2 protein chains.
Amino acid sequence: MTQSTSPEPARVAVSTVIFSLRRTDDSAPAELMLPLVRRTRDPFDGLWALPGGWLDPAEELEDAASRTLAETTGLSASYLEQLYAFGGVDRSPARVVSIVYWALLRADEVDAQVAAHAAQGDAPENVEWFDAASLPRLAFDHNEIVEYALWRLRSKVGYSRIAHGLLPPEFTLAELREVYESILGRRLDPANFRRQVEGSGTLFPTDRFRTGSHRPARLYRYDPDVELAERGPLTARH
Amino acid sequence: MTQSTSPEPARVAVSTVIFSLRRTDDSAPAELMLPLVRRTRDPFDGLWALPGGWLDPAEELEDAASRTLAETTGLSASYLEQLYAFGGVDRSPARVVSIVYWALLRADEVDAQVAAHAAQGDAPENVEWFDAASLPRLAFDHNEIVEYALWRLRSKVGYSRIAHGLLPPEFTLAELREVYESILGRRLDPANFRRQVEGSGTLFPTDRFRTGSHRPARLYRYDPDVELAERGPLTARH
DNA sequence: GCAAAAGTGTTTATATTACACCCATGT
DNA sequence: ACATGGGTGTAATATAAACACTTTTGC
């Protein structure tokens, strides 16, 4: 409880929690992963931290999140949602208010973006993907922030169709169900899941099939008219 | 679209949307009202704005919200929840990131606090209560902010027990139902409402009754162990 | 044919809704 | 006594859960 009475005004930073669903080894359930950046200066030199940076004076908050995410990790997400503003006095030696965004990114998008950077020779340094369920001690209050992002993700998957953000445009119902199972951490009945999601009217069946080791599964796509997630009146602000 | 490329770093402000439920005339349905403060300087001199102010360098965000609310309106709320961080480049001539909080306040608490200030001779100036459904043009982007706060209130009343924040410790089921009806803007079946809320296990019946013009209604109180609203892992941060 | 996943059907339990009806009190 | 809101009962409907079963492919 060191009441730091710094006379310096608070600076505004922006960070992003960006989740992807990856399987470490094949035939294992997919895990929620997120990229972290190793700090190369004090405070918390050497510890892992969320990608982020300072807000530019003439830059929208969401743009700052996109920019700093790209600068630190080379990744770009099509959809960012504000998570929370963290402004505790003692979360950093200097007074920093962090506006945190969160986003989902498909595994194949991550792979493509990483490959593109590798080909161009501008692969980002000090970036690594971590299992969201077993993180090391992170810099600042970033462990707390990830916990809160996970909570929001889990509660939002129930009433929103954000699972879409982790899937390619066409997918089987089993793939969709696996996303839900990974996020919620429990198995779902395939039959009931199918009925619920088919009955919601947000999915289109295509006439293509995913041919696998057994009976082919029909591919579906999301209705593009339906919003990715409900954000209320703020959605118009883009 | 004036891209103000101000070199000044963003300053952090805090504002509060604080709702109360009041009936303008008796025997009319209660309306959601909120206090606004008339600006006495540019920008937006003369327009009404949300209570708020600058974040002090050594002050927690929530404390800043409480403090500025008290300084501008004389009101104090026991429960504040972060709503959103508004940081648009053009929302103010200077670059301001506003962390907005929202809260609920009982009508009788408002009356008591107003009376206390009047007795002490430090009644706040330039404060007025407005019907949330029909606001004038407000300063900055505050109309948008109130709209968003209303949306959050309405969606949260469904899965949380925030209605409590608008009621005295003991209340009848009809009073509770009226709160829900005012927030949701539609009538609810008294019989079904009773069963739902009784079945939720968050209410204790007392052995006291509200004696009115007709059959006395039993008074209930909320189970104090149950959280006012679910905020996930952040609840521990107080 | 057999294993395994896709997809359908059926039954049961549980919530939601609508609305009829009785109860207790002030006037 | 009667009007009025408090409070209970009940039937119809919708939704969720559990699980048996059939279908279609690769091997």
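Below, chains carry the letters A, B, ... as their sequence lines are ordered, and counting in each starts from 1. Predicted model, so just to flag it, every value in this text is computed and none were measured.
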ask   = Looking across every strand, which nucleic acid part, if any, lies under 4.0 Å from Gly199(B) by heavy atom: base, sugar-phosphate, or nothing?
value = nothing
query = Hey, what's the ring geometry for Phe140(A) with His142(A), parallel, tilted or perpendicular (30° and 60° as the breaks)?
reply = tilted
message = Treating primed atoms plus P, OP1 and OP2 as sugar-phosphate and everything else as base, which nucleotides of nucleotides 11-24 of chain C get B, S or - for protein heavy atoms under 4.0 Å?
response = ------BBB---BB
request  = Return yes if a side-chain donor-acceptor contact under 3.5 Å exists between Arg161(B) and Ser200(B), otherwise no.
outcome  = no
ask   = dA18(D) P sits how many Å from Phe193(A) CZ, rounded?
value = 16 Å
query = Should the pair Tyr222(B) and His164(B) be assigned to parallel (<30°), tilted (30 to 60°) or perpendicular (>60°) ring geometry?
reply = tilted
message = Nearest whole Å is fine: how far is dG5(D) P from Glu181(B) CD?
response = 13 Å
key: Nucleotide dG5(D), atom P - distance to CZ of Arg187(B) in whole Å   = 11 Å
task = Can you sort out the partners of Arg221(A) under salt bridge (charged side-chain N to carboxylate O under 4.0 Å, His left out), two or more places apart, ordered by chain and number?
result = Glu170(A)
query = Can we say Glu144(B) and Arg91(B) salt-bridge, meaning some charged N sits less than 4.0 Å from an Asp/Glu carboxylate O?
reply = no
Those residues that, when tested against Arg195(A), pass salt bridge (charged side-chain N to carboxylate O under 4.0 Å, His left out) (two or more places apart) = none
remark   = Rounded to whole Å, CG of Leu176(A) lies from P of dA6(C) at a distance of 12 Å
query = Rounding to a whole Å, what distance do you find between Arg194(A):CZ and dT23(D):P?
reply = 15 Å
message = Rounded to whole Å, how long is the line connecting atom CZ of Arg218(A) with atom P of dT24(D)?
response = 12 Å
request  = Send over the distance from Arg210(B) CZ to dG26(C) P, rounded to a whole Å.
outcome  = 15 Å
